[in-house]
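One structure below.
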Amino acid sequence: VPKIETIEPIGALKKLRWLCYRGGMWNANHADTLEHLASLSNLEALVLHNLKVSKGGLKPLAALKSLAFLALSNQFETEDYAYLSVHMSETKCAQFAAYQQLNASKYGDIMVTGKRKPFLKSRDPKDQVRLQKFVTAFNKLQERFRTT
């Protein structure tokens with residue numbers, strides 16, 4: 001069971017340049033919200049893995065204009081990744097695309113971006129059709145966020 005209930009005190013570390021906040025392999029860590037990280041104007045790298053966020057999802061991270069590198073686990077809503085990909089175009093993040101190409105595994109070699117999204121097999125024609133639908137949906141989300 002995580003001992004931290006809020007990450008609010010981290011928001012006071014104005015000179016912080018790198019932060020890794022993650023859960024363990026079997027137990028997720030928790031954060032009430034990521035809004036407290038938005039004030040970290042000097043943050044250059046952020047890693048958030050196996051983390052459950054109670055409210056607001058990933059969107060507060062868009063305020064991190066100095067962020068060059070962002071590593072996220074694939075457990076948030078697809079909409080959040082698409083939103084950040086538009087509002088953080090200078091930040092490198094593997095989830096800022098509709099999918100990631102992986103090494104071959106028994107589940108597939110393509111991981112679709114977003115919570116509860118499938119692993120697909122690139123050599124399977126049916127999965128290629130499914131993948132194109134996910135790509136189209138991700139692109140539509142990005143377009144929606146570019147105009148708002």
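Counting begins at 1 with the first residue of the sequence.
Considering every non-hydrogen atom in both Ser39 and Gly11, the closest pair reads OG-O, 3.0 Å. Nearest approach of Pro60 to Gly56, heavy atoms of both residues: CD-O, 3.4 Å.
Geometrically, Lys115 does not engage Phe76 in a cation-pi contact defined by less than 6.0 Å to the ring centre and at most 45° from the axis.
Note on ring orientation: taking the six-membered ring where Trp is involved, the planes of Tyr83 and Phe145 are perpendicular (angle over 60°, cut-offs 30° and 60°).
Hydrophobic cluster membership for Ile110: Tyr99, Val112, Leu120, Leu131, Phe134, Val135 (Ile, Leu, Val, Met, Phe, Trp, Tyr linked by side-chain heavy atoms under 4.5 Å, directly or transitively).
Inter-residue side-chain proximity for Leu61 and Asp80 is flagged as unmet; no heavy-atom pair is nearer than 4.5 Å. Tyr81 has its side chain within reach of Leu72: a pair of non-hydrogen atoms, C-beta onward, lies under 4.5 Å apart. Contact check for Ile7 versus Tyr21: side-chain heavy atoms found under the 4.5 Å cut-off. Side chains of Leu16 and Ile10 form a contact here, defined as non-hydrogen atoms less than 4.5 Å apart.
At a cut-off of 3.5 Å, with distance as the only test, no side-chain donor of Ser122 or Gln128 sits close to an acceptor on the other residue. Between the side chains of Asp32 and Ser54, no donor-acceptor pair is found at a separation under 3.5 Å. Side-chain atoms of Ser41 and Lys14 form no donor-acceptor pair, as typed in the model, at a separation below 3.5 Å.
With sequence neighbours left out, the side-chain hydrogen bond (donor to acceptor under 3.5 Å, both in side chains) criterion links Ser73 to Gln75.
With a 6.0 Å radius and a threshold of 12 heavy atoms from other residues, nucleotides or ligands, Glu90 has its CD atom at or below the threshold. In Lys65, the NZ atom is crowded: over 12 heavy atoms of neighbouring residues, nucleotides or ligands sit closer than 6.0 Å.
Every pair passing salt bridge (Lys or Arg N to Asp or Glu O under 4.0 Å) that includes a residue from residues 139-148 is listed here, sequence neighbours excluded: Glu79-Arg144, Glu143-Arg146.
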